[in-house]
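In each ligand, atom 1 is the first atom listed, and ligand 1 is the first ligand listed. Values reported hereafter were calculated over all heavy atoms of this structure, with side chains retained and with hydrogens, waters and symmetry mates removed.
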Amino acid sequence: MTRTHLLALDQGTSSSRAIVFDREGRLVAMAQREFAQHYPQPGWVEHEAEEIWQTQLATAREALAKAGLQAQDIASIGITNQRETTVLWDRKTGEPLHRAIVWQDRRTEPFCAELRASSEAADIRARTGLVIDPYFSGTKLRWLLEHIPGARARAEGGELAFGTIDSWLLWRLTGGRVHATDVSNASRTMLFNLGAGDWDDALLARLQVPRSLLPAVHPSCHRFGETDPMLLGAALPIDGVAGDQQAALFGQACFEAGLVKNTYGTGCFMLMHTGAQARASSQGLLGTRAAQVGSQAQFALEGAVFIGGAVVQWLRDGLHAVRSSSEVEALAASVPDTGGVMFVPAFTGLGAPYWDADARGAIVGLTRGSTTAHIARAAVEAIAFQSAALLQAMASEGGPVAELRVDGGASVNNTLMQLQADLTGVPVVRPRVTETTALGAAYLAGLGAGVWSGLPELAAHWQVDRRFEPQMPRSQAAERLAAWEHAVRQARAR
Ligand SMILES: Nc1ncnc2c1ncn2[C@@H]1O[C@H](COP(=O)(O)OP(=O)(O)O)[C@@H](O)[C@H]1O
Ligand SMILES: O=P(O)(O)OC[C@H](O)CO
């Protein structure tokens, strides 16, 4: 038996993907399947948990076939996943009791508002590192227990299991033998004590969640179990589990305090490794667990830009200014600047460091000379401005940043990356492998299976595709950031 490759299962919000990597960390084969999004009411988002499992299994088989490999060639499996999304299932039958409630779902806002206004708010924030928001799993699970007839009694009787998507996939992959999660996923539930590293009894009591529902929590690199041999043709070990943003941080070889990555997808997720100490934020950043290898807990600060690459999708689908996302770069580059136009894409409010759910999008500074090219350029710039504001908040709380490692679909845009470096004054570095989420999961699995010796070996894999050095004078960057903040104030003044 050769066991030369790693299989990463990357379960995202809009698709399930499986990627095979070799022991040099090179991508060998990939398969992807989209699945249905359900919007039963405004603000509600659901996924069919069974469909998530079926698409994930199908991509795993397809990726192996495309790579020309047998299950026996796989040293280990790593799982990475959309975080916070909540599944409740029957331990006996493995049947979900309800569709999964997706991280974007806002149905628990009334309860969150109550919690925020209560005397416990500061304590909840201190225990979890999170802001009180429907985003996280805890209030979603509470909603399921309240609204599914009989669920609470059955939960108290030990008949049911809760899990984020990693736990759900683990359960199905192991034929119902393993109910577990990793620290990075657990830290997104609002049920987990960030510092202590375990489910928190006070939080469980406040959210009325019986402990018997919860998975065991392990480091991200751990022998979680083995797959049912019927699924992929052999029993394969599962040695890595991490939430997708923490997996990307790991795949970017950000293993130490001060290293930062930003993923430019639909939204942008920025994480800064903060070492072995939990760090509180006064600017609305989240304290979270980074992927953990060994017994030492690892922490990160996190912030999100809600509308990142999505603003380019809006240019394409809403404004019909471009036919494809990739066209935006040429259109934006067809003008030397935005001609004074500023675009604040607060379509769904603004995330950290603003945290304004009521802000709405604004295009300001229009003149008779403004064209779609100016607006397109302003849209691309908005991605960089929002990320720059986030990085500023992070640096002020987590310490100086030597470089920003980037990935995600919009990181191919060189104009955007150069502006990011210019605005932040920090070099922006794009690695050769930008599938960093799946790579991070493969790294965790490979470390567990002994394919790699340790973090230094992985750090040596990380190779630069392109480095963008800041070129704009700092005074000019400061002026531009001030103009951005002015535009943000206009978007918020409604
Ligand atoms: N050249 C480009 N310039 C700016 N944005 C881009 C470019 N190419 C793709 N995008 C944006 O990147 C996003 C897709 O990135 P991806 O990492 O696949 O996102 P996700 O994982 O959130 O689905 C889309 O929002 C798309 O509009
Ligand atoms: O599936 P993605 O890439 O949209 O990531 C979702 C995040 O994990 C949500 O917190």
Rounded distance [0.5 Å steps], CG in L207 versus NZ in K140:
12.5 Å

Please report the interatomic distance OG1(T227) to CG(L173), rounded to the nearest 0.5 Å.
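Separation between the atoms: 7.0 Å.
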
Step by step, would you call D422 with Q418 a side chain to side chain donor-acceptor pair (under 3.5 Å)?
CA-CA 6 Å; D422 286 341; Q418 183 58 51; 3.2 Å; yes

For the rings on W462 and F255, is their centre-to-centre separation under 6.0 Å?
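Centroid separation for W462 and F255: 6.0 Å or greater.
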
Ring centroid separation for Y39 and W44, is it under 6.0 angstrom?
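That pair fails the under 6.0 Å test.
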
Test R17 against every option in Q56, E435, Q11 by the side chain to side chain donor-acceptor pair (under 3.5 Å) rule and name the one that passes.
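Among the candidates, only E435 passes.
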
For R289, the salt bridge (Lys or Arg N to Asp or Glu O under 4.0 Å) test, sequence neighbours excluded, returns none

Please identify each residue that fulfils salt bridge (Lys or Arg N to Asp or Glu O under 4.0 Å) with E403, with sequence neighbours left out.
R405, R467

Might you list the protein residues in contact with ligand 1, defined as having a heavy atom under 4.0 Å from one of its atoms, sorted by chain and number?
G265, T266, G309, A310, V312, Q313, S325, S326, V328, G408, G409, A410, V412, N413

Select all protein residues for which some heavy-atom-to-ligand 2 distance is less than 4.0 Å, and list them by chain and number.
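Residues G12, T13, Q82, R83, E84, W103, Y135, D244, Q245, F269 each place a heavy atom under 4.0 Å from ligand 2, listed by chain and number.
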
Regarding D10 and T437, do their side chains bring together a donor and an acceptor under 3.5 Å, going by distance alone?
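No donor-acceptor contact under 3.5 Å links the two side chains.
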
